[in-house]
Amino acid sequence: MLNARTLLVRGMITGLVAGVAAFLFAYLFGEGPINDAIAFEEAHAADHEHGPVSRTVQSTLGLATASVVYGVALGGLFAIAVAVTIGRIGRLSARATAAVVALAGFVGVALVPFLKYPANPPATGNADTLQQRTGLYFLMIVIGVAAVLGAIVVSRSLQPRFGTWNATTLAVVGAAAVVGVAIALLPAVNEVPDGFSPVLLWRFRLASLGTQAVTWATLGLLFGYLTERSQRPVVSDAHPVAV
């Protein structure tokens, strides 16, 4: 029997590890494009002002703090999601369930919004449209999560009639269609200035998506491993003495 409190604590600890892994990935692959984007901004803005916090602090302590806090919070939510999901999507083990939830979370929370509104580095956004862009991004997250949950529900309802494989395929195609319609109907946002390197832009975007992938992969794999390990029967080292 899985204890909810134990799962929550385990999820937060796993989230801590995921946050550290995300920080390392973001620092190694994301900070370079950010520095290049800032250099572009400074070269094309006559009145550029530096923030109250230096780039060194932002890229080290600031990034690490944000990554860890986000990871711990996400880990707690992830543990709750796994606890709710176990036993409700077939006869999957706790480890397999954690992997499925992590994949679903990555697709709904990170991949779907990325397809319409990928992350942009500094110097590529208009401050006047920040609120609108934020609202559209969170709307895509809602659509992505709803599409993933809908696919799971539809797949389960169709399994008795079509079988697991066919039901899953139909559900995924339906979810993809919903996401496709949303991408087509929602307004586009393109505020990248002329002369900005497309290679630099996509280096940053891929680093951003990769950071999310590292976070969710660490959550799914590590949480599943720890949960499965905790369920193994304890074997005593004591041996009977022959008489």
Side-chain angles (χ1 to χ4, degrees), residues 7-81 98 102 105-106 108-111 113-114 117-131 133-135 137-138 140-141 189 191-193 196-197 199-223 225-226:
L7 286 177
L8 181 61
V9 173
R10 184 178 301 147
M12 296 177 71
I13 294 174
T14 304
L16 175 63
V17 177
V20 173
F23 160 70
L24 293 175
F25 185 92
Y27 183 80
L28 292 174
F29 297 99
E31 284 303 310
I34 290 178
N35 289 332
D36 293 341
I38 291 176
F40 176 89
E41 184 179 34
E42 291 177 344
H44 292 78
D47 57 346
H48 178 79
E49 296 182 0
H50 294 279
V53 181
S54 68
R55 273 295 300 149
T56 301
V57 175
Q58 290 177 3
S59 62
T60 53
L61 181 60
L63 179 60
T65 302
S67 299
V68 169
V69 171
Y70 174 76
V72 171
L74 185 62
L77 295 175
F78 178 80
I80 295 173
F106 170 73
V109 175
L111 182 59
F114 177 85
Y117 302 116
N120 286 328
T124 59
N126 187 343
D128 296 334
T129 63
L130 177 60
Q131 185 174 358
R133 287 184 282 118
T134 303
Y137 183 80
F138 278 102
M140 279 304 301
I141 292 179
V189 175
E191 299 177 349
V192 179
F196 194 88
S197 170
V199 175
L200 173 58
L201 179 65
W202 279 103
R203 281 176 56 205
F204 175 84
R205 288 178 172 177
L206 292 178
S208 176
L209 185 64
T211 301
Q212 287 285 343
V214 168
T215 302
W216 286 100
T218 304
L219 283 175
L221 296 176
L222 182 57
F223 185 87
Y225 167 75
L226 294 176

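Values below: every heavy atom of this structure, side chains too, minus hydrogens, waters and symmetry copies. Quick caveat, the model's predicted, so the values are computed rather than measured.
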Over all atoms of both residues, closest heavy-atom pair of Ile141 and Pro113: CG1-CG, 3.6 Å
Looking only at heavy atoms, which two atoms of Thr215 and Ala22 are closest? And how far apart? OG1-CB, 3.2 Å
Working to the nearest 0.5 angstrom, can you tell me the gap between Phe29 CZ and Leu206 CG? 11.5 Å
Check whether any side-chain heavy atom of Ser67 lies under 4.5 Å from a side-chain heavy atom of Val20, and answer yes or no. no
Nearest 0.5 Å, what's the CG-CE distance between Leu74 and Met12? 11.5 Å
Under the criterion side-chain contact (heavy atoms from CB on, under 4.5 Å), I'd like the reasoning laid out for Val189 against Tyr117: C-alpha separation, chi angles, the key distance, then a yes or no. CA-CA 7 Å; Val189 175; Tyr117 302 116; 3.8 Å; yes
Looking only at heavy atoms, which two atoms of Ala102 and Gly220 are closest? And how far apart? CB-CA, 3.6 Å
Listed once per pair and sorted, the side-chain hydrogen bond (donor to acceptor under 3.5 Å, both in side chains) pairs that draw on residues 11-33, sequence neighbours left out: Glu31-Arg55
Under the side chain to side chain donor-acceptor pair (under 3.5 Å) test, residues paired with Asn120 that sit two or more places apart: Arg205
Any heavy-atom pair between the side chains of Phe40 and Pro121 that's under 4.5 Å? no
Could you measure the distance from the OG1 atom of Thr218 to the CZ atom of Phe78? Nearest 0.5 Å is fine. 10.5 Å
Can you pull the salt bridge (charged side-chain N to carboxylate O under 4.0 Å, His left out) pairs that have at least one residue in residues 117-129, sequence neighbours excluded? none
Using the test side chain to side chain donor-acceptor pair (under 3.5 Å), find all partners of Thr60 that sit at least two apart in sequence or belong to another chain. none
Closest non-hydrogen atom pair between Ala98 and Phe223, with its separation: CB-CD2, 4.1 Å
So, taking the atom named CZ in Phe23 and the one named OG1 in Thr211, what distance separates them when rounded to the nearest 0.5 Å? 11.0 Å
Please round to the nearest 0.5 Å and tell me the distance separating atom CG of Leu201 and atom CZ of Arg203. 11.0 Å
Euclidean distance, Leu63 CG relative to Ile34 CD1, rounded to 0.5 Å: 7.5 Å
With sequence neighbours excluded, what pairs up with Phe106 under the side-chain contact (heavy atoms from CB on, under 4.5 Å) test? Ala110, Leu111, Leu209, Gln212, Ala213, Trp216
Residue pairs passing the side-chain hydrogen bond (donor to acceptor under 3.5 Å, both in side chains) test with at least one member in residues 15-26, sequence neighbours excluded, are none
Does Ser208 reach the main-chain N or O of Phe204 with its side chain, forming a donor-acceptor pair under 3.5 Å? no
